Peer 1: 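Just passing along the structure, written as structure tokens.
No hydrogens, no waters, no symmetry mates; every other heavy atom, side chains included, goes into these values. Values in this document were obtained by computation on a predicted structure and should not be read as measured data.
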Amino acid sequence: MASAHRIALLGVATAAGASIRGAGMGPEALRVAGLAEALLDLGHAVTDHGDLRRPHPSPDAEPASWRLPEERQANVLDLSARASDRAVELLADGQFPIFLGGDHSIAMGTVSGVARHCAAIRKPIFVLWIDAHGDYNTPVTSPTGNLHGMSLALLCNEPEFDGPFAGDWRGTVDPKNVAIFGARSIDREERRLLEQRGVHVVDMRKIDELGAVATMRTIIERVRKANGHLHVSLDVDAMDPSIAPGVGTTVAGGLTYREAHLAMEMLHDCGLVGSLDIVELNPFLDEAGKSALLLVDLVASLFGRSVMSPPGEGPMAFVTEDEEG
């Protein structure tokens with residue numbers, strides 16, 4: 001990613017895939033924290049396409065009904081289909097999409113769209129899932145039933161996702177082209193599936209033993225050899241809660257500030273990243289915007305911010321479109 005990009009920001013404002021509410025406010029918190037401005041300062045063009053949201057309930061609807069499992073699933077799948085189609089459109093137009101979540105269920109749609117685009121241009125898709133969790137449960141193995149813990153399994157075409165999960169919006173990813181980075185909380189059945197499918201899991205023990213550089217370099221080299229499109233799905237809970245408290249699924253012992261920035265800097269240098277999710281930011285649980293500001297800094301590193309950055313020509317135009325329905 002050495003040159004300037006036409007970056008498209010698209011929010012998917014939902015917490016329907018999670019049990020804790022608040023992640024639906026994540027896209028706006030990232031905007032308030034200065035995401036667009038940080039990218040502009042690096043010389044990129046930025047267009048904000050607003051947010052995809054659930055339809056507003058009728059005035060006589062019972063508000064609590066929107067938290068029932070069937071309504072939450074319908075919400076996730078509706079947004080997934082819409083996000084998938086938008087991802088295809090943005091990539092076909094030559095833009096670099098950054099999808100602002102929302103809980104990690106948004107990746108069912110965003111990564112599906114990227115996979116559909118890659119299939120159309122005959123380019124292999126690789127997914128780097130930076131997350132404390134595997135998100136590889138299925139409707140049968142999930143201990144909670146929350147869809148944000150099943151998104152990667154759906155994308156890798158596990159057989160239990162049929163019926164309401166079917167549709168032309170679905171794209172698939174070869175599990176052998178998936179790497180999970182920063183894992184430290186994986187359920188027993190989830191671990192079994194990850195091992196059987198050949199997903200490359202870089203847990204925190206590997207990072208502790210081998211370091212962020214060696215583990216990230218292995219991931220990057222696999223993508224480079226295949227001349228692949230690398231999609232990064234960045235979950236704020238990959239970071240240690242001491243530096244990123246604004247998430248509903250905190251797990252102690254996560255990535256440090258420097259480990260996370262180093263990973264982003266290496267991803268920038270490799271020039272293989274073509275799309276990005278930023279997910280699970282819950283402003284309701286954050287501390288004075290601490291997590292949102294960290295995410296903005298990490299994205300800036302991914303897009304070229306460095307201590308000794310080359311002189312640029314200044315920021316480019318920032319365009320705002322009408323909010324998506």
Peer 1: Does this structure show an ion pair linking D297 with R305, if we count only N-O contacts that are shorter than 4.0 Å?
Peer 2: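 Judged by the 4.0 Å cut-off on N to carboxylate O distance, D297 and R305 do form a salt bridge.
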
Peer 1: Against H117, only a single residue in I125, L91, L90 fulfils side-chain contact (heavy atoms from CB on, under 4.5 Å); can you say which?
Peer 2: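 Of the listed residues I125, L91, L90, the side-chain contact (heavy atoms from CB on, under 4.5 Å) partner of H117 is L91.
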
Peer 1: Quick one: does any side-chain atom of R184 pair with a main-chain N or O of A252 as donor and acceptor, under 3.5 Å?
Peer 2: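 Judged by distance alone, yes, a pair lies under 3.5 Å.
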
Peer 1: Please check: side-chain N/O of D286 versus main-chain N/O of S291, any donor-acceptor pairing under 3.5 Å?
Peer 2: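 Between the backbone of S291 and the side chain of D286 there is a qualifying donor-acceptor contact (under 3.5 Å).
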
Peer 1: Enter the distance from L194:CG to L152:CG here, rounded to the nearest 0.5 Å.
Peer 2: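 So the CG of L194 and the CG of L152 are separated by 7.5 Å.
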
Peer 1: Give me the atom names and distance for the closest heavy-atom approach of G246 to V236.
Peer 2: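 Between these two residues, the closest heavy atoms are O-CG1, 4.2 Å.
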
Peer 1: Could you check whether any side-chain N or O of H44 sits under 3.5 Å from a backbone N or O of F303, counting only pairs where one atom can act as donor and the other as acceptor?
Peer 2: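 Checked: pair present.
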
Peer 1: Can you tell me if D168 has over 12 outside heavy atoms packed within less than 6.0 Å of its CG?
Peer 2: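 Open: at most 12 neighbouring heavy atoms sit under 6.0 Å from CG of D168.
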
Peer 1: Are any side-chain N or O atoms of Q95 and backbone N or O atoms of I7, one a donor and one an acceptor, separated by less than 3.5 Å?
Peer 2: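 Checking the backbone N and O of I7 against the side chain of Q95, no donor-acceptor pair under 3.5 Å is found.
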
Peer 1: Without placing hydrogens or testing angles, list every side-chain donor-acceptor pair under 3.5 Å for residues 96-113, not counting sequence neighbours.
Peer 2:
residue : atom : partner : partner atom : Å
D103    : OD1  : S105    : N            : 2.7
D103    : OD1  : S105    : OG           : 2.5
D103    : OD2  : A16     : N            : 3.3
D103    : OD2  : G17     : N            : 2.9
H104    : ND1  : D131    : OD2          : 3.0
H104    : ND1  : D135    : OD2          : 3.2
H104    : ND1  : D235    : OD2          : 3.3
H104    : NE2  : S233    : OG           : 2.8
T110    : OG1  : I106    : O            : 3.4
T110    : OG1  : D277    : OD1          : 2.9
T110    : OG1  : D277    : OD2          : 3.4
S112    : OG   : M108    : O            : 2.6
S112    : OG   : G171    : N            : 3.1

Peer 1: Compare every heavy atom of D85 with every heavy atom of R116, then report the nearest pair and how far apart it is.
Peer 2: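 Smallest heavy-atom distance, with atoms named: NH1-OD1, 2.9 Å.
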
Peer 1: Keeping the roles fixed (side chain from R72, backbone from A18), state whether a donor-acceptor pair exists under 3.5 Å.
Peer 2: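 Looks like yes, one N/O pair under 3.5 Å.
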
Peer 1: Please check if the number of heavy atoms outside F161 that lie under 6.0 Å from its CZ is greater than 12.
Peer 2: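 Atom CZ in F161 is packed in, count exceeds 12.
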
Peer 1: Using modelled atom types only, decide if a donor and an acceptor are shared between the side chain of R197 and the backbone of E195 within a distance under 3.5 Å.
Peer 2: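 The answer is no, because no donor-acceptor pair under 3.5 Å joins these two groups.
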
Peer 1: Output yes when R191 and D187 qualify as a salt bridge under the 4.0 Å nitrogen-oxygen rule, no when they do not.
Peer 2: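 Looking at R191 and D187, the cut-off is not met.
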
Peer 1: So, taking the atom named CE in M150 and the one named CD in Q73, what distance separates them when rounded to the nearest 0.5 Å?
Peer 2: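 Result: 8.0 Å between the selected atoms.
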
Peer 1: Near R192 CZ, under 6.0 Å, is it more than 12 heavy atoms from other residues, nucleotides or ligands?
Peer 2: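 Yes, because the 6.0 Å sphere around CZ of R192 holds more than 12 heavy atoms from other groups.
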
Peer 1: If we ignore hydrogens and angles and just use 3.5 Å, is the side chain of S84 paired with the main-chain N or O of S80 as donor and acceptor?
Peer 2: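 No.
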
Peer 1: Does either side chain, that of E160 or that of T138, offer a donor lying less than 3.5 Å from an acceptor on the other one?
Peer 2: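 Distance-only check passes for E160 and T138.
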
Peer 1: Do the two ring centres, one from H231 and one from F126, sit under 6.0 Å apart?
Peer 2: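 No.
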
Peer 1: Checking side-chain polar atoms at under 3.5 Å, does N282 have a donor or acceptor matched by the opposite partner on R21?
Peer 2: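 There is no such pair (donor and acceptor under 3.5 Å, judged by atom type) between the side chains of N282 and R21.
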
Peer 1: Which atom names give the shortest non-hydrogen contact between E259 and G254, and what distance separates them?
Peer 2: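 The pair with the smallest heavy-atom distance is OE1-O, 4.3 Å.
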
Peer 1: Measure across P245 and T250 and return the closest heavy-atom pair with its distance rounded to 0.1 Å.
Peer 2: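 Looks like O-CG2, 4.2 Å.
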
Peer 1: Got more than 12 heavy atoms from elsewhere within 6.0 Å of CZ, R258?
Peer 2: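 Yes - once you tally the heavy atoms of other residues, nucleotides and ligands closer than 6.0 Å, there are more than 12.
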
Peer 1: Could you measure the distance from the NZ atom of K123 to the CG atom of N227? Nearest 0.5 Å is fine.
Peer 2: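 It comes to 4.0 Å.
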
Peer 1: So that I can tick it off, tell me whether E37 and R31 are bridged by a salt bridge, with the cut-off set at under 4.0 angstrom between side-chain N and carboxylate O.
Peer 2: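 So R31 does not pair with E37 through a salt bridge.
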
Peer 1: Please tabulate, for side-chain N and O atoms in residues 206-214, each donor-acceptor pair with protein atoms closer than 3.5 Å (sequence neighbours left out).
Peer 2:
residue : atom : partner : partner atom : Å
K206    : NZ   : V201    : O            : 2.9
E209    : OE2  : R205    : NE           : 2.8
E209    : OE2  : R205    : NH2          : 3.2

Peer 1: Going from CD1 on I243 to NZ on K290, what distance comes out if it is rounded to the nearest 0.5 angstrom?
Peer 2: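 Rounded to the nearest 0.5 Å, the CD1-NZ separation comes to 8.0 Å.
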
Peer 1: Determine the minimum heavy-atom distance between A13 and G24, stating which atoms define it.
Peer 2: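 Looking at all heavy atoms of both residues, the closest pair is CB-O, 3.4 Å.
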
Peer 1: May I have the step-by-step check of side-chain contact (heavy atoms from CB on, under 4.5 Å) for T256 and D240, ending in yes or no?
Peer 2: CA-CA 6 Å; T256 67; D240 192 81; over 6 Å; no

Peer 1: With salt bridge (charged side-chain N to carboxylate O under 4.0 Å, His left out) as the criterion, how do D51 and R53 come out once you've worked through the C-alpha distance, each side chain's angles and the decisive distance to 0.1 Å?
Peer 2: CA-CA 6 Å; D51 293 340; R53 297 177 178 275; 3.3 Å; yes

Peer 1: Hey, is the main chain of M25 close enough, under 3.5 Å, to the side chain of E28 for a donor-acceptor pair?
Peer 2: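 Not confirmed, E28 side chain does not pair with M25 backbone.
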
Peer 1: Considering all heavy atoms of both residues, which atom of N177 and which atom of R222 are nearest to each other, and what is their separation?
Peer 2: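 The answer is OD1-NH2, 4.0 Å.
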
Peer 1: Tell me, with the steps shown, if E280 and H148 meet side chain to side chain donor-acceptor pair (under 3.5 Å).
Peer 2: CA-CA 9 Å; E280 295 288 355; H148 71 163; 2.8 Å; yes

